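This structure is a prediction, so every number in the text was calculated from the model and none was measured. Chain naming here is simple, since letters A, B, ... match the order of the sequence lines and numbering starts at 1 in each.
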2 protein chains.
Amino acid sequence: MKKSSENAADLSARIAGEIRDAIVAGRLIVDERLPSEAELANQFNVSRSTVREALKRLAAQSLIRTQRGATGGAFVNRLRFEDAYGQQITTSTLLLSMNEVSFDVACEARFAMERACAPLAAERRGPDHLARMRAEIARQQQPDLSDEAFCDSDVAFHRALVDAAGNPVLSYQLAGAVEGMLPLMNMITFTARSRENILRLHIEITDALERHDADAVTEALSALETYTLQLGQQVIVARSARNG
Amino acid sequence: MKKSSENAADLSARIAGEIRDAIVAGRLIVDERLPSEAELANQFNVSRSTVREALKRLAAQSLIRTQRGATGGAFVNRLRFEDAYGQQITTSTLLLSMNEVSFDVACEARFAMERACAPLAAERRGPDHLARMRAEIARQQQPDLSDEAFCDSDVAFHRALVDAAGNPVLSYQLAGAVEGMLPLMNMITFTARSRENILRLHIEITDALERHDADAVTEALSALETYTLQLGQQVIVARSARNG
DNA sequence: TTTTTTCATTTGTCTGACATTTGGGCTTGC
DNA sequence: GCAAGCCCAAATGTCAGACAAATGAAAAAA
């Protein structure tokens, strides 16, 4: 009747689960020091190695940090967005690359969420956001830019757009969606013609954002979705042709 | 110049990073067996304990699974949504509970993403989704329902709505947003009056979904956002009054 | 051929040891 | 009294070796 994750699992997994629950439930608060490894080993009646394996599991999730030395130990970590970002991106990338998710589905989700940012971004965008976006547009206009660099700039452009919404939770979620698609996007060959199309839409988005026109941003994003989907299809076709 | 995460860190963190990179980059494919712990210890020139700590880190992120016995070992895990869900929810919950994010911001992000699902859900909703939603509405009408059970039902209702969009990536992202807010929502006392308001909007959403009316769904969600924000404010006020 | 037994392999856990880091307290010198 | 430097205890990081337990495959028995 217990949680399946704590039932028949390893000792280190069970112990990690107990500590994790204590953190999530607030019984252990931020920056609080956990008992030393030796003490934990006593409390749980296991060896120090087992405790250490449990602590490493928690460290991998950024739930705790460890410090060496006399006043060292394991401390409950204040989870920061930067920490969460990395995991979010890794997870999203893997979900896509392991074919658990198709390009179409990922694309749809990404642009659906990006459109969700549009009204907020149109309202709150500052001059810095517009500057970031225009800087990326300038980069994307360089004809000698590699496909990979073009993708990176594309990601940076869209992150600026999302950041303009001024909601870190949305930025966090979108980071996974956008950067997770990067490996697949990198397989696309951006012809001069396709860059021109994308660039046109990027300019359209930025201009619309500047004049606080949420509807125009949404529309341009939808057009970009259609076009991205089309480019993605070409990769799928090329890939299956190579395999078949 | 290397990645900061692999520079001055522990051996076990470095080794975990190397293996993680290999998985993300596709040099290790799904279901592939890693060398045994003893072999890895040899390859990396460290002790078995250190290798084990590295493997536990990866296991905590669901990147590998281990199996005992003669043909056992560590295998690259096919990352499934169910695995990713749990981490996503844990992370979101912590980001909120540690006050890294305010209720308002979380609420805004949640409903922005939920509105992003509305057009897709209105188009694709099946009879099962409508049935799930109506079942939750029925539960929410029971006057003797506890506040906590009401919250659970609320979450279930919104998950059905999101699932109706038929996009697992959106479901995955929303799971974190919606369930992460649950602890804070649980602090709200749902009066008869507030339940009535919420219920009315839930019915409105479901009816609109049934007749494929995306605009009406969006509108009702916006109304629900306003109302949820209002209820949340009361909790904030009550909480600060208790502390001050 | 089918069943049983044996066995090698691998992970899980424990014990004990030493290295390294680090802050606090003590000593020393002024 | 005060500051600088030294020493040391405590804690994590790493290592080596051992045994327990699980497990599938090969060998042996029916």
Side-chain angles (χ1 to χ4, degrees), chain A residues 2-20 23 28 30-77, chain B residues 2-20 22-23 28 30-78:
Chain A
K2 282 182 186 175
K3 294 175 187 173
S4 60
S5 62
E6 298 180 15
N7 217 356
D10 297 339
L11 277 177
S12 68
R14 276 216 301 260
I15 292 171
E18 283 195 34
I19 299 177
R20 177 167 33 238
I23 294 174
L28 291 169
V30 168
D31 290 335
E32 186 172 339
R33 184 179 170 282
L34 273 66
S36 73
E37 295 175 353
E39 284 177 79
L40 285 172
N42 261 324
Q43 285 182 24
F44 288 107
N45 236 308
V46 296
S47 71
R48 207 186 132 205
S49 338
T50 305
V51 168
R52 279 184 62 79
E53 287 177 11
L55 293 180
K56 294 311 161 201
R57 294 178 116 107
L58 299 175
Q61 298 180 298
S62 305
L63 292 181
I64 62 168
R65 63 178 184 280
T66 53
Q67 208 176 352
R68 294 175 73 168
T71 59
F75 298 84
V76 177
N77 210 7
Chain B
K2 282 182 185 175
K3 295 175 188 173
S4 62
S5 61
E6 297 180 14
N7 218 357
D10 297 339
L11 278 177
S12 68
R14 276 216 301 259
I15 292 171
E18 283 195 33
I19 299 177
R20 177 166 33 238
I23 294 175
L28 290 169
V30 168
D31 290 336
E32 185 173 340
R33 183 180 173 282
L34 274 65
S36 73
E37 295 175 353
E39 284 176 80
L40 286 173
N42 261 324
Q43 285 182 26
F44 288 106
N45 238 306
V46 296
S47 72
R48 208 187 130 206
S49 334
T50 304
V51 168
R52 279 184 62 78
E53 287 178 10
L55 293 179
K56 293 312 161 202
R57 294 179 117 106
L58 299 175
Q61 298 180 298
S62 305
L63 291 181
I64 62 168
R65 63 179 184 279
T66 54
Q67 207 176 353
R68 293 175 74 168
T71 59
F75 298 85
V76 178
N77 212 6
R78 154 155 273 128

Could you write out each protein N or O paired with an N or O of nucleotides 16-19 of chain C at a distance under 3.5 Å?
none

Walk along DNA chain D from 5' to 3' and tell me the first and last nucleotide with an atom closer than 4.0 Å to a non-hydrogen atom of chain B.
-> dG13(D) to dG24(D)

So do the side chains of Lys56(A) and Leu58(B) get within less than 4.5 Å of each other, counting heavy atoms only?
-> no

Is there a side-chain contact between Ile64(A) and Arg20(A), using heavy atoms and a 4.5 Å cut-off?
-> no

Taking atom P of dT10(C) as reference, at what distance in whole Å does atom CZ of Arg52(B) sit?
-> 14 Å

Could you tell me the separation between the CD atom of Gln67(A) and the C1' atom of dG23(C), rounded to a whole number of Å?
-> 10 Å

Side chains of Asp10(B) and Glu53(B): closer than 4.5 Å at any heavy-atom pair?
-> no

Please report, rounded to the nearest Å, how far the P atom of dT10(C) is from the CZ atom of Phe75(B).
-> 11 Å

Sequence-distant partners of Glu39(B), side-chain hydrogen bond (donor to acceptor under 3.5 Å, both in side chains), two or more places apart = Ser36(B)

Reckon Arg65(B) touches a base, only the sugar-phosphate, or nothing at all at heavy-atom distances under 4.0 Å?
-> nothing

Which residue, Thr71(A) or Ser47(A), contacts DNA chain C at a nucleotide closer to its 5' end, judged by nearest heavy atom?
-> Ser47(A)

4.5 Å side-chain heavy-atom contact, Leu55(A) and Leu34(A) = yes

Taking all heavy atoms of Ala54(B) and all of Ser12(B), pick out the closest pair and write down the distance.
-> CB-O, 3.3 Å

Measure from CD1 on Ile64(B) to C1' on dT11(C) and round the result to the nearest Å.
-> 11 Å

Please report the closest heavy-atom contact between Ala38(B) and Arg48(B), naming both atoms and the distance.
-> N-CG, 4.5 Å

In whole Å, what is the span from the CG atom of Leu40(B) to the P atom of dT10(C)?
-> 11 Å

Gly72(B) backbone acceptor or donor facing Arg33(B) side chain under 3.5 Å | yes

Which residue, Ala74(A) or Val46(B), contacts DNA chain D at a nucleotide closer to its 5' end, judged by nearest heavy atom?
-> Ala74(A)

Minimum heavy-atom distance Asp31(B)-Phe75(B), with the two atoms named = O-CD2, 3.6 Å

